[in-house]
4 protein chains.
Amino acid sequence: MSAIEKVGIGIVGCGYWGPNLLRNFAELDDACVRGVCDLSPKRLAVVQRRYPGVALFTSCEEMLRMPGLDAVCVVTPVKTHFKLAKAALDAGKHVFVEKPIASNVREVRQLMDLAAKRQRVLMVDHTFIYTGAVRRIKELVTRGELGEIHYYDSTRVNLGLFQHDVNVVWDLAIHDLAIMEFVFGKQPRAVSATGMSHLAGQPENIAFLTIFYDGNFVAHLNLNWLAPVKVRRTLIGGSRKMIVYDDIEPSEKLKIYDRGIFATPSQESIYQMLISYRTGDVWVPKLDTTEALAIEARHFLDCIAGKAKPLSGGEAGLTTVKILEAASKSMKARGKLVKLS
Amino acid sequence: MSAIEKVGIGIVGCGYWGPNLLRNFAELDDACVRGVCDLSPKRLAVVQRRYPGVALFTSCEEMLRMPGLDAVCVVTPVKTHFKLAKAALDAGKHVFVEKPIASNVREVRQLMDLAAKRQRVLMVDHTFIYTGAVRRIKELVTRGELGEIHYYDSTRVNLGLFQHDVNVVWDLAIHDLAIMEFVFGKQPRAVSATGMSHLAGQPENIAFLTIFYDGNFVAHLNLNWLAPVKVRRTLIGGSRKMIVYDDIEPSEKLKIYDRGIFATPSQESIYQMLISYRTGDVWVPKLDTTEALAIEARHFLDCIAGKAKPLSGGEAGLTTVKILEAASKSMKARGKLVKLS
Amino acid sequence: MSAIEKVGIGIVGCGYWGPNLLRNFAELDDACVRGVCDLSPKRLAVVQRRYPGVALFTSCEEMLRMPGLDAVCVVTPVKTHFKLAKAALDAGKHVFVEKPIASNVREVRQLMDLAAKRQRVLMVDHTFIYTGAVRRIKELVTRGELGEIHYYDSTRVNLGLFQHDVNVVWDLAIHDLAIMEFVFGKQPRAVSATGMSHLAGQPENIAFLTIFYDGNFVAHLNLNWLAPVKVRRTLIGGSRKMIVYDDIEPSEKLKIYDRGIFATPSQESIYQMLISYRTGDVWVPKLDTTEALAIEARHFLDCIAGKAKPLSGGEAGLTTVKILEAASKSMKARGKLVKLS
Amino acid sequence: MSAIEKVGIGIVGCGYWGPNLLRNFAELDDACVRGVCDLSPKRLAVVQRRYPGVALFTSCEEMLRMPGLDAVCVVTPVKTHFKLAKAALDAGKHVFVEKPIASNVREVRQLMDLAAKRQRVLMVDHTFIYTGAVRRIKELVTRGELGEIHYYDSTRVNLGLFQHDVNVVWDLAIHDLAIMEFVFGKQPRAVSATGMSHLAGQPENIAFLTIFYDGNFVAHLNLNWLAPVKVRRTLIGGSRKMIVYDDIEPSEKLKIYDRGIFATPSQESIYQMLISYRTGDVWVPKLDTTEALAIEARHFLDCIAGKAKPLSGGEAGLTTVKILEAASKSMKARGKLVKLS
């Protein structure tokens, strides 16, 4: 493949996550990172040392005008996503936006409309759905291995990086929301959230979300920036099997429990049920350990080439932002149910 | 001490927990279990084989009339607590009731009034507060070791025994509510709870409670009868130190983390705070491993002898039942805040 | 079954382990514990309270003369096993001896000869081989699931009960030796052992055994009474699969790893091998959780009734004592190989 | 500091470990990596891309002739260490050699003599002794916190990289030997080792070492390339306290147990000892998490500048190679004690 056929990539934002995107796109044969933009000259200097051929910018508009740029990655604080992604789409670029895709539902819809109108790929970086663990969970759920899904219950806590501009829900819940959207493909119906700030004037640093879906599927997220230990543990309960997904575990991230409960009508009374327990083997599947971001970057190029549809496109981004918005609203009203249309 | 001075004990209910009370009271020198009452002749036969000297009854009223009975332990299903405890108090007996003390706030108040009027001890079996772990936590909190308490966050899940008459909150949350009442001694102000039943016609088997207190102390409980694994893990976050209390751990149940976060005003702007992290050593104290029930039975006798006031008396029972009642109400309204007077 | 048909059991020694045997035999329908013998009147008093119908003795000879006694359990210190088991066999009783069966190979052979001559069952209490975990391991090994067995590597350490009369090998290694004898059924060929005493005048409290078998199967035991933590962990390596058996784990005691290594001749050179790794799923089988001693007591009765041959008979006892003897000898010579005939 | 004052570094060998040395020396202000040598042009190309200013060589002799080279790191297979280190010393360079320092005791002594004669620094890369965990252990041992040291017992196993030229002892034991040399500073007196090869014609892939020291201090190493799980766990037992050092643990690598055992003369008999147990708190110190290699590279420069003496110099290398040599010899004789002069 000649250089002229490579997809030209520009990256806006080179703080914590941007360099990972840079590295992964740089390693793909049919992509070429042509430009990187950041407000900090110091960060740009680091980029230059590692990737001398990349053009550097402190203004995104300027980068958008450089020749050979086909796609733009927006890896900046959430509140700037909309403006930057919009500018890129307006300039005819494909766009890959850091999660959450935007600050509110209205912004997401605008980006989706714009991408549709300009026929450009709009993809949001829901990294976790590209991991071996989550792909395996989706496979198990889709094949019906778990039976009917009862609940998704996640604990995502640690002594975290306090953020000043968003609360803990926008920072941590987004991971679970992206996973749920991908694995279950269900529309949430309502949210009840509670939370608390323990530093005056700061956003909530601890939060608890309950998300209701049709039927009796329910999700719960426990999010905390002020925990003594790091926990990344999700229980997924099905009528036939259950999963414990522990992302901290180095090698046994996924355990599938052949356990459940079932009710049979009592012979004595039609109003009474006999409840029985079933406990069988546990199975720890070997997972693909390819770096999620490598798979995701590859997938973005495939979408640009028209060979795939984004697994995490505008719709997925919209579903997650809907819940984030509703959760913040419910949290202010201390658990009041917020319905989602 | 002559036999005549021993406190005569009667036990109502010899199912799962009753035999433990029987064994513990039988081992105390200044108590004598004189009567045991149960509806099941089979259970009574087991008692007789082990404790030939104990009188057996299938009617509680009858047992209450036997001579030499000073105190009665009520170890029956929750909905019968009130009636049985009331009968015992009416008969002038000291009463030790299984948790939760009664089915609703009204009943608890009636028992408290009756006990006060008859000058009898009313104690509720909040077993956990007599464990070495919880007593140590209270000590640490009381001494101010943790600083200001930010949150109590507990996960109490397993493939549990479904109960037909009470939901998972009444079955599992009561443990945490008893611990919190004992450790913090604070009055809850409001509750938001969500939950779900996954078996038609059965009470909720999964539930999430958020309990608000004055200031920014918040508690959260994750309760589940349908989990693939057993978890009994509580995080307690303070401004100076934090605790992880894992009751499944055989020997290291309590870990105290010298970790926290603190905010200092930024020099650049009075509106901005600089947030710093502090991580220090972890300390795992050796705990007293005496059986909690042995300490509790001893304490009940001391209360009868006027040497102590119940650490888990009517007031403690009332606080916990208030929250259970409010949580069930909030759960029906899918998270709606229920205020506590 | 009428009382007259029950197997009459006598138990010698009611210290730490004896009461467990008593309880398990007492629960079998076709056995009846008729006599218990111990030097301590205090221990006998405890027995009497729990089992009023049992005759009590401070002399074993006396107990052996009581009518209705078919079998005797010897649950005393090792050095007394031979004398007591011999007396019981001489008196025509079936014998169940605590592990290790005797103090040296000569004694074991004498007991075996005597049992054969008197046509009585001689069984040694190799409790672990009756657990669900070890029975499952044997099944896997026997079915060839692990391929060729490469090694058995066990760590059995804790802050243990120092014993004055035997070293740590006789106290702890016996468990692994019994398991290996049962699971692999192989004759050991040589032993190299090292160890150390850290208390003047006391037997070795830390020891390391390497046991050689035919082919390249090797076993290693790490034994320690002076460890800060309790570890009961065994790795079993096969050419096709490997097992981690962790007896401390409450529910996931056995993990079967689909992992291995294989060598293929290099194409470049016939002298060089290409070594490849294989890592697949992990599988945690559900195990039978019946108390091992209940199964073992049942098995002893079946052997007496002629329905079974002891899984842990004199031969098994002999194999283990051979190794214990050789290990103590090797340890004195600091690792010198001691061959086993 | 001007460029002219920087210590010029050359690195021989850029396989698995070499790039880490390259990166760490490149990040030091007063060092400058001037040359890198490797037989593989592909590896050199990788170096060039990252560090365009470094001169590349396929011959070590050639690199040694380049101007501005003060020190050489030898990061090649063990059997080549001696020849390359000797050449570097002969050329007047300071030398930093990968562990183990050489293939046998004779070689180590020659290097030591040469370094002394040429007045050059000879340092061996005992990386672990520069970790926060091991430095803390040394501190605790030196301060006498553990009391008298009874044993060092390490398990270092995994499904490892089979090596064709050295056995598992030379590959894995070296880490523990380096740690012990550093922490205890004691001379070993004798070694008994056993092991086995499970692939025809290959060196031993499983090995067990017992190392005897003066007094009753004993060390034991369990080494295995064929284990289903990765274990890096060391117990250090002292008369006052004990340590569990688990290098796999992400954050709690070191646990200090206030546990022990002590013997007091029995009042009844001067020949009998009463043994008592002591179990107290566990303490998990916060450790310095600076990369060990960064500290080690810094230390090498300080030694060159005459500000420090190597913590892992020729003597340390000699002690470890003595044991490796003795262990291989003992292993061939199946555990036969090999004395060390």
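Computed over heavy atoms, backbone and side chain alike; hydrogens, waters and symmetry mates excluded. Note on naming: letters A, B, ... go to the chains in the order of the sequence lines (proteins, then strands), and numbering restarts at 1 for each one.
By a heavy-atom distance cut of under 4.5 Å, Arg334(A), Gly335(A), Lys336(A), Leu337(A), Lys339(A) are the residues of residues 332-340 of chain A near chain B, going up by number. Close approach to chain B, defined as a heavy atom under 4.5 Å from one of its heavy atoms, is seen in no residue of residues 173-188 of chain A.
His198(B) places a side-chain N or O within 3.5 Å of a backbone atom of Asn216(A) that can act as its donor or acceptor partner.
Side-chain atoms of Phe208(B) and Asp153(A), non-hydrogen and from C-beta on, do get closer than 4.5 Å to each other. Taking 4.5 Å as the limit, some side-chain heavy atom of Met242(A) sits within range of a side-chain heavy atom of Leu226(B). Contact of the Phe212(A) side chain with the Thr194(B) side chain is registered, since non-hydrogen atoms from C-beta on lie closer than 4.5 Å.
Only the side chain of Val231(B) comes within contact range of chain A, with at least one heavy atom under 4.5 Å from a heavy atom of that chain. Within the 4.5 angstrom heavy-atom criterion, only side-chain atoms of Thr279(A), from C-beta onward, approach chain B. For Leu159(B), the parts lying under 4.5 angstrom from a heavy atom of chain A are both the backbone and the side chain. Interface remark: Asn205(B) contributes no atoms to any contact with chain A (heavy atom separation under 4.5 Å).
Note: Tyr151(A) leads Tyr151(A), Tyr257(A), Phe217(A) in heavy-atom pairs under 4.5 Å with chain B. Here His220(A) is the residue among His220(A), Lys255(A), Lys241(A) with the most heavy-atom pairs under 4.5 Å with chain B. With chain A as the partner, the residue from Gly215(B), Pro228(B), Ser192(B) showing the most heavy-atom pairs under 4.5 Å is Pro228(B).
Of all non-hydrogen atoms in Ala227(B) and Leu235(A), the two that sit nearest each other are CB-CD1, 4.1 Å.
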Before you tell me yes or no, could you show the steps for Val229(B) and Arg233(A) under side chain to side chain contact (heavy atoms under 4.5 Å, CB included), namely the whole-Å CA-CA distance, both residues' side-chain angles and the distance that decides it to 0.1 Å? CA-CA 12 Å; Val229(B) 286; Arg233(A) 201 154 103 130; 4.2 Å; yes
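The number of heavy atoms from other shown groups lying within 6.0 Å of CG (Leu39(A)) does not exceed 12.
With no hydrogens or angles considered, no side-chain donor-acceptor pair links Asn222(B) and Asn222(A) at under 3.5 Å.
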